[in-house]
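Below are the structure tokens for one structure; questions will follow.
What you see is a predicted model, and the numbers here were worked out from it, not measured in a lab. Note that ligands are numbered from 1 as they come in the structure, with each ligand's atoms numbered from 1 the same way.
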Amino acid sequence: METRRSDEALIEALRARGHRVTPQRMLIHRALQELGRHATADEVMEAVGGRLPNLSVPTVYATLDLLGQLGVVRRISPGEGPLLYDPRADDHHHLVCSRCGRVEDVDARVETGAAVAAARRAGFAPSHAEVVVSGLCASCASS
Ligand SMILES: [Zn+2]
Ligand SMILES: [Zn+2]
């Protein structure tokens, strides 16, 4: 996504939920967009680099979690390994390698309506549903 457009989307999302627009939130979001891949909080922190000199790891986590709640980024728990943050907030699914932990995007039309409906019947308030395909990535499968 183009930087200005993703900045605007974040500003809109923050304001809509009554959060302040701060340079910290803007830069952390921008760093993840610039990385353009699933990244750990540490990687995002590194990507922010000197742009926020007093940035701490807990702040990066808290900010990324807020961005996740706002729906502008996604949190992925790959099972093993650290939590990943996904700059893509649109509908897509993930392939998770059970050997090396690699997480890849997969675009596929998946009907998750039945799962969402069942979640509602269980008293759950679903926000989104995605499919995680586990197995071996191409390079692990060929070695
Ligand atoms: Zn692998
Ligand atoms: Zn993804």
Side-chain angles (χ1 to χ4, degrees), residues 1-52 55-122 124-143:
M1 207 191 288
E2 193 214 318
T3 305
R4 240 189 56 206
R5 255 182 52 206
S6 74
D7 279 358
E8 279 164 14
L10 173 58
I11 292 170
E12 208 170 283
L14 284 168
R15 289 196 175 138
R17 304 277 193 92
H19 293 286
R20 281 190 312 128
V21 176
T22 64
Q24 190 166 286
R25 288 168 179 165
M26 299 303 293
L27 282 171
I28 289 173
H29 179 246
R30 202 179 290 167
L32 180 58
Q33 296 297 332
E34 285 166 0
L35 281 170
R37 58 179 170 81
H38 310 119
T40 63
D42 285 339
E43 288 170 328
V44 173
M45 171 130 183
E46 215 167 280
V48 172
R51 287 182 278 183
L52 289 171
L55 191 61
S56 68
V57 178
T59 304
V60 174
Y61 271 107
T63 305
L64 288 168
D65 287 342
L66 173 66
L67 298 179
Q69 285 161 27
L70 295 174
V72 293
V73 307
R74 251 201 227 170
R75 264 166 65 130
I76 316 169
S77 352
E80 286 169 54
L83 206 63
L84 293 171
Y85 295 88
D86 190 341
R88 277 185 68 181
D90 62 318
D91 262 343
H92 67 283
H93 305 280
H94 291 107
L95 310 177
V96 179
C97 178
S98 49
R99 189 174 295 165
C100 71
R102 183 191 178 98
V103 178
E104 289 175 40
D105 284 340
V106 63
D107 288 287
R109 281 208 167 281
V110 177
E111 190 40 73
T112 53
V116 171
R120 281 214 179 85
R121 283 197 300 276
F124 198 79
S127 53
H128 94 278
E130 70 166 77
V131 172
V132 174
V133 181
S134 314
L136 297 179
C137 71
S139 78
C140 286
S142 69
S143 67

Shortest non-hydrogen contact between Cys97 and Cys137, atoms and distance: SG-N, 3.3 Å

Non-hydrogen side-chain atoms of Val106 and Val131 separated by less than 4.5 Å: no

Which pair of heavy atoms, one from Val60 and one from Ala41, lies closest together, and at what distance? CG1-O, 3.6 Å

Do Arg88 and Glu130 sit within salt-bridge range, that is, some charged N less than 4.0 Å from a carboxylate O? no

Output a table of donor-acceptor pairs, distance under 3.5 Å, between side-chain atoms of residues 17-24 and any protein atom two or more places apart or on a different chain; print 'none' if there are none.
{"residue": "Arg17", "atom": "NH2", "partner": "Gln69", "partner atom": "O", "Å": "3.4"}
{"residue": "Thr22", "atom": "OG1", "partner": "Arg25", "partner atom": "N", "Å": "3.1"}

If you take all heavy atoms of Ala13 and Leu70, which pair is closest and at what distance? O-CD2, 3.7 Å

Side chain to side chain, Thr59 and Met45, heavy atoms closer than 4.5 Å: no

With sequence neighbours excluded, tell me which residues meet ring-ring contact (aromatic ring centres under 6.0 Å, His included) with His38. His94

Protein N/O/S neighbour count - the Zn ion (ligand 2), strictly under 2.8 Å: 5

Please list, in chain and residue-number order, the protein N/O/S atoms closer than 2.8 Å to the Zn ion (ligand 1). Cys97 SG, Cys100 SG, Cys137 SG, Cys140 SG

With a 4.5 Å limit on heavy-atom distance, are the side chains of Pro126 and Arg120 in contact? yes

